[in-house]
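Have a look at the structure below, then the notes.
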Amino acid sequence: MRILVVTGTGTDVGKTVVVAAIAALARAAGERVTVVKPAQTGVAPGEDGDLAAVAGLAGPVGAVELARYPEPLAPATAARCAGTPPVMAAEVVDAVRAQDADLVIVEGAGGLLVRFNDLAETLADVAAGLAAPVVLVASAGLGVLNTAALTAEALARRGLTLAGTVVGAYPEHPDLAERTNLDDLPTVTAAPLLGVLPAGLGAASPEDLLAAARCGLGPVLGGGWSPRRAP
Ligand SMILES: Nc1ncnc2c1ncn2[C@@H]1O[C@H](COP(=O)(O)OP(=O)(O)OP(=O)(O)O)[C@@H](O)[C@H]1O
Ligand SMILES: C[C@H](N)[C@H](N)CCCCCC(=O)O
Ligand SMILES: [Mg+2]
């Protein structure tokens, strides 16, 4: 079973779309895919969260959501507000390891060091517990070089592997920063740019999502990149 941890340079940068694109490619290759969302915030009980979005974009996948909090906040804060138990990194690790799938993709909430609980556990602890590589989903525009570099540094400090960066929502008419960022992201993260997905895919059909994934991520996935096998 391969495991991939997906984080972002922030919230709303296209992590869910990138998760769906990777899941669609894996499904098209005949793989059984499960997506794990440790903590879904900002969504009420019964409403569609990120896992429903992934299923709508990528087709049927295994889906595991360990906790849901209605306030649109970091999971630790949202759990405190709700007065319900927070998610612990060890339970995320256990839930991932319990899956019967060829590929398990774990999507964090917001960026890497957003806290799951008041013990200051984050997605970085989950990646460490799983010895899994991390994919960084980056925003496209001015400001991302700093947040991408900070994320890469935080991963390196913890001995975690940054598989590379994917720009989650690239505009049709990029400005100067959006164009030059494609050159600079690999430099400031010391990791490859794995792909670029066009903006607007959140509303795409499964067919269009798969086509965009093949163009925007397929050459990388087909070119030998693969998540490290879990121990
Ligand atoms: N179903 C959808 N229809 C239209 N737009 C969408 C849809 N889902 C996401 N988007 C848009 O795509 C962009 C990226 O959203 P996405 O949910 O992938 O971000 P994220 O990085 O996963 O955020 P989070 O930290 O909340 O998980 C946002 O601008 C969002 O408004
Ligand atoms: C509600 C939102 N869409 C995310 N799920 C949570 C993002 C938390 C970000 C916290 C922060 O970095 O300040
Ligand atoms: Mg998301």
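Numbering starts at 1 and runs along the sequence shown. Please read these numbers as outputs of a predicted model, since none were measured by experiment. Just so you know, ligand 1 is whichever comes first in the structure, and atom 1 is the first atom listed for that ligand.
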N-O pairing of Lys37 and Glu107 below 4.0 Å: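 Result for this pair is yes, salt bridge flagged.
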Decide yes or no for [X] and [Y]: does some side-chain heavy atom of the first lie under 4.5 Å from some side-chain heavy atom of the second?
{"X": "Met1", "Y": "Ile3", "result": "yes"}
{"X": "Thr180", "Y": "Leu176", "result": "yes"}
{"X": "Pro75", "Y": "Phe116", "result": "yes"}

For the Mg ion (ligand 3), the closest N/O/S atom belonging to Asp50: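 Result: OD2.
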For the Mg ion (ligand 3), the closest N/O/S atom belonging to Glu107: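 It is OE2, the N, O or S atom of Glu107 closest to the Mg ion (ligand 3).
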Nearest atoms (heavy-atom pairs only) where Thr16 meets Ala53: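 Closest pair (atom of Thr16, atom of Ala53, distance): CG2-CB, 3.9 Å.
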Counting each atom of ligand 2 from 1 as listed, which ones have a heavy atom of [X] under 4.0 Å away?
{"X": "Thr11", "result": "2 (C), 3 (N), 4 (C), 7 (C)"}
{"X": "Thr41", "result": "1 (C), 4 (C), 5 (N), 6 (C)"}
{"X": "Pro72", "result": "1 (C)"}

Non-hydrogen atom of Leu113 closer than 4.0 Å to ligand 2: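 No.
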Option whose closest heavy atom lies nearest to atom 8 (C) of ligand 2, chosen from Gly49, Ala74, Gly8, Pro75: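 Checking each option, the heavy atom nearest atom 8 (C) of ligand 2 is found in Ala74.
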Thr11 near the Mg ion (ligand 3): N/O/S under 2.8 Å: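 Checking Thr11: none of its N, O or S atoms is under 2.8 Å.
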Ligand 2-proximal atoms of Asp12, by part, heavy-atom distance under 4.0 Å: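 Neither part.
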Test side-chain contact (heavy atoms from CB on, under 4.5 Å) applied to Val13 and Val18, Val144, Val137, the passing residue: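 Exactly one pass, corresponding to Val137.
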Interatomic distance, Leu193 atom CG to Asn181 atom CG [nearest 0.5 angstrom]: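 Rounded to the nearest 0.5 Å, the CG-CG separation comes to 10.5 Å.
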